[in-house]
Amino acid sequence: MFDIFISYRRDTGTTSAQLIHALFKNKGVNAYLDSKVIRNENFFNNIKRNIDASPNYLMILTPGFFKKREPVDWIRKEIEYAKSKGKNIIGLAFDGYDHYEVDWDLEKPFFASFRSFNYYKFVPSLADASLAQVLDVMVDALGNKFSLEKNLI
């Protein structure tokens, strides 16, 4: 069981995802971060298992995060799966992320809903405060407010 699943674009978000993973670890948060480069059905089955094991789904928002990729957009598949499972979806924006780089009017309804998506900004000089924003909106496996104290017991 994980507290949070970290989702990121490998080409723009690897360093940011690794940083957040380390910050979570230092706080005692059990975060899942996939770092293997495997692109096949086994890969996505593994991703689904770990999303299932996490009540929270964190999107590391970096340049191009929502831009559709071809032939298979793994991030979009992940988001759709997390949403279908009722996961608590959270966004954390890093430098260079532009929420309006996507033409939301042209998106299918599910992704168009992210036009008005609430997300938080990661500020490196205020890393603890940025992380606190995410921790404040996380839930536990029962859907209750997440607590670091529960993790320390």
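What you are looking at is a predicted structure, and each value in this text was computed from that prediction instead of being measured.
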4.5 Å side-chain heavy-atom contact, Glu78 and Phe5: yes

Val123 with Phe65, same ILVMFWY side-chain cluster at under 4.5 Å: no

Carboxylate-amine/guanidinium contact Lys67 Asp103, below 4.0 Å: no

Steps toward side chain to side chain contact (heavy atoms under 4.5 Å, CB included) verdict (Leu135, Phe146): CA-CA 7 Å; Leu135 290 169; Phe146 178 80; 4.0 Å; yes

Parallel, tilted or perpendicular: ring planes of Trp74 versus Phe44, cut at 30 and 60 degrees: tilted

Expected output: side-chain Lys25 to main-chain Ala31 donor-acceptor under 3.5 Å: no

Chi angles and distances behind the side chain to side chain donor-acceptor pair (under 3.5 Å) call for Gln18, Tyr8: CA-CA 10 Å; Gln18 290 169 337; Tyr8 65 100; over 6 Å; no

Heavy-atom neighbours of Asn118 CG exceed 12 at 6.0 Å: no

Heavy-atom side-chain contact between Leu58 and Ile20 under 4.5 Å: yes

Main-chain N/O of Gly64 paired with Arg69 side-chain donor or acceptor, under 3.5 Å: yes

Main-chain N/O of Val139 paired to Asn56 side chain as donor or acceptor, under 3.5 Å: yes

Electrostatic pair Arg76:Glu107 at N-O distance under 4.0 angstrom: yes

Note: Glu80-Lys108 ion pair, threshold 4.0 Å (strictly below): yes

Aromatic ring pairing Phe114/Phe66, orientation class (parallel under 30°, perpendicular over 60°, tilted between): tilted

Common cluster, Ile4/Leu23, ILVMFWY with side-chain heavy-atom separation under 4.5 Å: yes

Side chain to side chain, Asn30 and Phe2, heavy atoms closer than 4.5 Å: yes

Approximate separation, where rounding is to 0.5 Å, of Ile60 CD1 and Leu33 CG: 8.5 Å

Verify same cluster id: Val72, Tyr81 (apolar side-chain graph, 4.5 Å): yes

Sub-4.5 Å side-chain heavy-atom contact between Pro55 and Met1: yes

Flag side-chain contact, heavy atom, 4.5 Å: Leu131 against Phe24: yes

Same cluster (ILVMFWY, side-chain, under 4.5 Å), Phe110 and Met59: yes

Nearest-0.5 Å distance, CG of residue Leu92 to CG of residue Leu19: 9.5 Å

Straight-line distance of Lys77 NZ to Ile47 CD1, nearest 0.5 Å: 11.5 Å

Thr12 side-chain N/O to Pro63 backbone N/O, donor-acceptor pair under 3.5 Å: yes

Heavy-atom check, side chain of Tyr32 versus side chain of Ile51, under 4.5 Å: no

Distance, nearest 0.5 Å, that separates OG of Ser54 from CZ of Arg49: 12.5 Å

Any side-chain heavy-atom pair of Ile75 and Ser7 under 4.5 Å: yes

Electrostatic pair Asp34-Arg10, nearest N-O below 4.0 angstrom: yes

Close side-chain approach of Ile79 to Phe111, heavy-atom, < 4.5 Å: yes

Value rounded to 0.5 Å, distance of OG1 in Thr62 from CZ in Arg9: 8.5 Å

Carboxylate-amine/guanidinium proximity below 4.0 Å for Asp3 and Lys27: no

Candidate pair Tyr120 and Ile90, rule side chain to side chain contact (heavy atoms under 4.5 Å, CB included), full reasoning: CA-CA 8 Å; Tyr120 304 93; Ile90 306 164; 4.2 Å; yes

Charged N-O contact under 4.0 Å between Lys145 and Asp136: yes

Interatomic spacing from NZ in Lys48 to CZ in Phe43 - rounded to 0.5 Å: 12.0 Å

Single-linkage hydrophobic cluster Val137~Ile6, side-chain heavy atoms < 4.5 angstrom: yes

